[in-house]
There are 2 protein chains.
Amino acid sequence: MSDARVWENEGSGKPGPVALKALSKTKAATIYEVAQRAGVSIATVSRALRGSDLVTEATRARVHAAVQELHFTPNRLGRSLAEGRHAANGIVFPDLVGPYYAEVVLGYEEAASDLGSSVLILATRRRPDAADAVVELAARVDGIVVMGNTVDDEVVRGIAASGVPVVLLARDPMPGVDTIRTRNRGTAVTLTAHLVAHGHRHVAFLGDPVGSPDVAGRYAGFAAALRAAGLPVPAPVPCDLDLAAGEAAAVALLGDRRPDAIVCANDELALGVHLAAEAAGLRVPDDLAVTGWDDVLAARFAGLTTVRQPMRELGATAARWLHQRIQERTADPAGSTDAVRRAARRRVLSTRLVVRRSCGTHPHPGGNS
Amino acid sequence: MSDARVWENEGSGKPGPVALKALSKTKAATIYEVAQRAGVSIATVSRALRGSDLVTEATRARVHAAVQELHFTPNRLGRSLAEGRHAANGIVFPDLVGPYYAEVVLGYEEAASDLGSSVLILATRRRPDAADAVVELAARVDGIVVMGNTVDDEVVRGIAASGVPVVLLARDPMPGVDTIRTRNRGTAVTLTAHLVAHGHRHVAFLGDPVGSPDVAGRYAGFAAALRAAGLPVPAPVPCDLDLAAGEAAAVALLGDRRPDAIVCANDELALGVHLAAEAAGLRVPDDLAVTGWDDVLAARFAGLTTVRQPMRELGATAARWLHQRIQERTADPAGSTDAVRRAARRRVLSTRLVVRRSCGTHPHPGGNS
DNA sequence: GTGAAAGCGCTAACAG
DNA sequence: CTGTTAGCGCTTTCAC
C-alpha cells in the first residue's frame with residue numbers, strides 16, 4: 001500500500017520549515033474598489049452582484065471581472081445593516097451530549113440552511129449567565145429557537161417582546177409563542193402501563209421533572225398510568241441525565257425494598273442503572289426491569305426498552321416555523337395588523353415505544369428491535 | 001397524527017385560547033432614542049454603555065435608566081460594522097451524527113464562548129454547494145475552523161488568503177495554516193499489532209481512506225502494522241461510516257474466505273459488522289474479531305475494542321488557536337510583520353486504545369473497560 | 001465630561 | 001441602464 005505514505009507525516013516529525021508567509025493576507029476589498037476597477041459606480045456593482053436585470057451584460061461582465069481580480073466578497077455586516085436583516089438565526093440548547101440534541105440541531109441546521117440562513121448556536125450548559133448569553137444571541141439573529149431547560153420564560157418573553165421571533169422547542173408553551181414538542185406524557189402512560197402489564201407493581205421513576213419539561217411530561221405520564229392502575233405513585237428520584245448519575249442513583253435505589261422496575265428519564269440513565277444492577281448481581285429484566293427514552297444506539301445493544309422520537313423533524317419544523325415568523329414580521333414590522341397574524345402554533349410530534357428485553361420477558365406488540 | 005390534539009395542553013394545564021397579541025412587538029430602539037431620552041448625545045450613550053470612564057456617574061445613571069425604559073439592546077450589526085469585527089467565528093463539519101462531531105463542536109462552543117465570541121455552524125453533509133456555503137460563512141466571521149472531509153484545500157486556501165484566520169481540524173495540514181488532529185496512524189498501528197498478536201492473520205479494513213483524512217490515517221497505520229508483521233496488506237473496503245453500511249459491508253465480507261478480524265474505521269461500522277456477524281451465526285470474537293474507533297457509548301455495551309479520542313479538547317484547542325490568530329491579525333491587519341507572526345502550529349492529540357472483548361479472548365495490557 | 005461629525009460597507013430610492 | 005446620495009446603528013476621533 002503505497003498510498004499510505006500520503007498520510008505519513010502525521011504527528012511527528014518534521015513539518016519542515018513551515019512557510020511563514022505562504023498566504024498573503026490582504027485587507028478585504030470593498031465595493032468601492034470593485035467599482036473603480038470596473039469603471040462604474042458602487043450602485044452598479046451592487047446591482048450586478050445581486051442579479052438585478054437593470055444592468056447591461058457588458059457592464060455585468062466588467063464588474064464580475066473586477067470582482068474576480070480583487071477576490072471581492074461583499075462584507076456581510078455592511079449588507080446586513082443596509083438590508084436590516086441578519087440572514088441568520090440561532091438555536092439555544094442545554095447541551096450537546098447524547099444523540100438527542102445533536103440530531104435536533106442538525107435537523108435545524110439543514111432546514112435553516114435550505115431557507116437561506118446561517119445558524120448560530122448557544123449551549124447554556126450550567127452557565128450562570130445563560131440569560132445574558134441568550135439575550136445577546138437574540139441581538140444578532142433574525143429569530144431564535146429556544147430549547148428545553150435553558151432559560152426562564154421571563155427571558156423568552158423579553159426577547160419576543162423586543163420583536164425577535166421565537167420558537168419554543170421541547171418546552172412548555174407560552175402565550176403568543178410557537179411551540180413544538182414531542183409526546184412525552186402519552187407515551188409515558190403507554191410505557192408504564194406496559195410495565196404494569198408485565199406484573200411490576202413497585203415501579204420507580206428516575207429523573208428530575210423540575211430540571212426539564214420533557215422529564216416533567218414523562219413523569220406525569222408515569223404517575224397517571226400508575227394511578228390508573230390503582231398503584232401508589234412514588235416521588236421521582238431526581239438526578240442528572242447521564243450514565244454516572246444512573247449508576248449512582250441505582251446504587252441507592254437497589255438497597256432494601258428495591259423496586260421491580262425503574263422508568264428512567266433517558267437512555268443514559270437507564271444504561272447506568274443497567275450497569276449498576278449487573279454489578280450488584282441483579283439480572284435485567286428478571287430481577288429488575290428498566291426502561292429508557294431516546295433510543296440511543298447503545299439501547300439496541302443493551303436490549304433496552306425505550307422510546308424513539310423524531311429528533312430531526314423536531315429541529316426542522318422549528319426552523320421552518322421560525323422562518324415563517326420572520327417573513328411575517330418583515331412584511332409587517334410593527335406587528336400592527338394583528339388580524340392577519342397567525343395565532344401561535346402548537347404541535348406535538350408523536351413518539352414510538354420501542355420494546356426490547358429490558359422491560360420484561362413477555363413479548364408484547366408495538367415495538368421492534 | 002390526529003391525536004396530537006390530546007396533548008395540546010400537555011404539562012402546563014390550560015393555556016386557554018392562545019393570546020393573539022400577548023407580545024407587543026416594538027421596533028427595537030436605537031442609540032439615538034436612548035440619547036434623546038437621557039438628554040445626552042449618542043456618543044455619551046455609547047461611552048456609558050461600554051464602561052468608558054469618561055462619563056460622570058450621574059450621566060451614566062441617566063443613560064442606564066433610559067436604556068432600561070426603552071429595553072435597548074445595541075444592534076450588533078451597527079456595532080460590528082463600526083468595530084470592524086464580528087465577534088463570532090464559525091466551524092464547518094461534515095455532519096453531526098455520532099458523538100464525535102457533537103463533542104468536538106461542544107468543546108469548540110464552550111471555548112469560543114468563554115473567549116467572547118458567538119459561534120456559527122455549518123454542516124456540509126453531501127451538499128454540492130458546500131464550498132460556496134463555506135465561503136459565505138467565512139464572510140460573516142472573524143475566523144473559521146474547518147474540519148475533516150468538508151471542502152477542498154483550494155477553498156481553504158482562498159479563505160485564508162482573503163485574510164480570514166483558519167484552523168484546520170482533523171485534516172491534513174496545509175502550509176501556513178494551523179492544524180490540530182488526533183493520532184490516527186500510530187494508534188492504528190498499535191491496534192492492528194494487537195490483533196496480530198491475538199493470532200489473526202487475515203485482517204480486513206473497513207472504511208474509505210479517500211473519504212476522510214482520519215480514516216486515511218487509520219488505514220495507513222493498519223497497513224504499516226501488517227507490513228511490519230510480514231502479512232499481506234489488503235485494500236480497504238470503502239464504505240460509509242454508519243451502522244447500516246457496516247452491516248451491508250459485513251454481509252459481503254463474510255462470504256467465503258472471510259477474514260479473522262475486521263478493523264473498522266469507526267464504532268458504528270464495527271457495531272454493524274457485529275450485528276451482521278451474529279445474524280450470520282458467527283461469534284465475536286471467536287469466529288470474527290472486530291474493532292472500532294471513537295468509543296461511543298454502545299461500544300461499551302457491545303464489548304467493542306476501540307479507540308478513545310479527546311474530542312472536546314480537540315474543539316477547544318481549535319477555538320483557542322483561532323482566537324489567537326484573530327488577535328494577531330487585529331494587531332497587524334496587513335500581515336506585514338512576518339517576523340513577528342508565529343509559524344503555523346501543528347498538534348496531534350494522543351488517542352487511547354480501549355481493549356474489550358471484541359478483539360479476541362486473551363487479555364492484554366493497555367486497555368480498560 | 002460631552003457633543004458633533006466622520007466613517008464602517010452596503011442597499012435602495014431617486015434622479016438622470 | 002447608471003450614478004448620486006441618503007441612510008442602516010454604532011464607535012471613535014476631534015473639538016469644546
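Every heavy atom of this structure was used, including side-chain atoms; hydrogens, water molecules and symmetry mates were not. Sequence lines set the chain letters: A, B, ... in the order given, protein chains first and strands last, and positions in each chain run from 1. All values reported here derive from a predicted model rather than from experimental measurement.
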Open item on the list: Measuring only between side-chain heavy atoms, which start at C-beta, is Leu137(B) closer than 4.5 Å to Ile144(B)?
Closed with: yes

Open item on the list: Rounding to an integer number of Å, can you tell me how far His86(B) NE2 sits from dC8(C) P?
Closed with: 15 Å

TODO: Look at atom CD of Gln36(A) and say whether more than 12 heavy atoms of other residues, nucleotides or ligands are closer to it than 6.0 Å.
DONE: no

Task: side chain to side chain contact (heavy atoms under 4.5 Å, CB included) involving Glu154(B) - partner list, sequence neighbours excluded - done: Asp152(B), Arg157(B)

TODO: Mind running a 4.0 Å heavy-atom check of residues 63-85 of chain B against DNA chain C and sending the residues that fall below it, in number order?
DONE: Leu81(B), Ala82(B)

TODO: Compare every heavy atom of Ala138(B) with every heavy atom of Val164(B), then report the nearest pair and how far apart it is.
DONE: CG2-O, 3.7 Å

TODO: Mind checking salt bridge (Lys or Arg N to Asp or Glu O under 4.0 Å) for Arg345(A) and listing every partner two or more places apart, or none if nothing turns up?
DONE: none

TODO: Give Ser46(B) one of three labels, base, sugar-phosphate or nothing, depending on what nucleic acid heavy atoms sit under 4.0 Å from its own.
DONE: base

Task: Contact check, side chains of Tyr108(B) and Leu314(B), non-hydrogen atoms, under 4.5 Å - done: no

Task: Neighbour count above 12 (heavy atom, 6.0 Å) for Glu33(A) CD - done: yes

Open item on the list: I need the CD-P distance between Glu57(B) and dG1(C), as an integer number of Å.
Closed with: 11 Å

TODO: May I ask you to say whether Asp178(A) pairs ionically with Arg325(A), meaning some side-chain N is under 4.0 Å from a carboxylate O?
DONE: yes

Task: End-to-end axis angle, where each axis spans five pairs of the helix from dG1(C)-dC16(D) to dG16(C)-dC1(D), to 10° - done: 40°

Open item on the list: Can you pull out every side-chain hydrogen bond (donor to acceptor under 3.5 Å, both in side chains) where at least one residue sits in residues 132-147 of chain B? Sequence neighbours excluded, please.
Closed with: Ser118(A)-Arg140(B)

Task: For Thr150(B), all residues meeting side chain to side chain donor-acceptor pair (under 3.5 Å), sequence neighbours excluded - done: none

TODO: Give, ordered by number, those residues of residues 135-144 of chain B having at least one heavy-atom distance below 4.0 Å to an atom of DNA chain D; if nothing qualifies, reply none.
DONE: none

Task: Side chain Arg329(A), main chain Gly163(A), donor-acceptor under 3.5 Å - done: yes

N/O-N/O pairs, protein side and nucleotides 2-5 of chain C side, under 3.5 Å:
| residue | atom | partner | partner atom | Å |
| --- | --- | --- | --- | --- |
| dT2(C) | OP1 | Thr56(B) | OG1 | 3.2 |
| dT2(C) | OP1 | Thr59(B) | OG1 | 3.3 |
| dT2(C) | OP2 | Thr56(B) | N | 3.0 |
| dT2(C) | OP2 | Thr56(B) | OG1 | 3.4 |
| dT2(C) | OP2 | Thr59(B) | OG1 | 2.8 |
| dG3(C) | OP2 | Ser41(B) | N | 2.8 |
| dG3(C) | OP2 | Ser41(B) | OG | 3.1 |
| dG3(C) | OP2 | Thr44(B) | OG1 | 2.6 |
| dG3(C) | N7 | Arg47(B) | NH2 | 3.4 |
| dG3(C) | O6 | Arg47(B) | NH2 | 2.4 |

Task: salt bridge (Lys or Arg N to Asp or Glu O under 4.0 Å) partners of Arg37(A), counting only residues at least two apart - done: Glu69(A)

Task: Leading and trailing nucleotides of DNA chain D with any atom under 4.0 Å from heavy atoms of chain B - done: dG9(D) to dT13(D)

Task: Partner residues of Asp114(A) under the salt bridge (Lys or Arg N to Asp or Glu O under 4.0 Å) criterion, sequence neighbours left out - done: none

Task: salt bridge (charged side-chain N to carboxylate O under 4.0 Å, His left out), paired with Asp129(B), selected from Arg127(B), Arg126(B), Arg125(B) - done: Arg127(B)

- [ ] Keeping to residues at least two apart or across chains, list the salt bridge (Lys or Arg N to Asp or Glu O under 4.0 Å) pairs with something in residues 47-56 of chain B.
- [x] Arg50(B)-Glu83(B)

Task: N/O donor-acceptor pair, side chain Tyr32(A) with base dC10(C), under 3.5 angstrom - done: yes

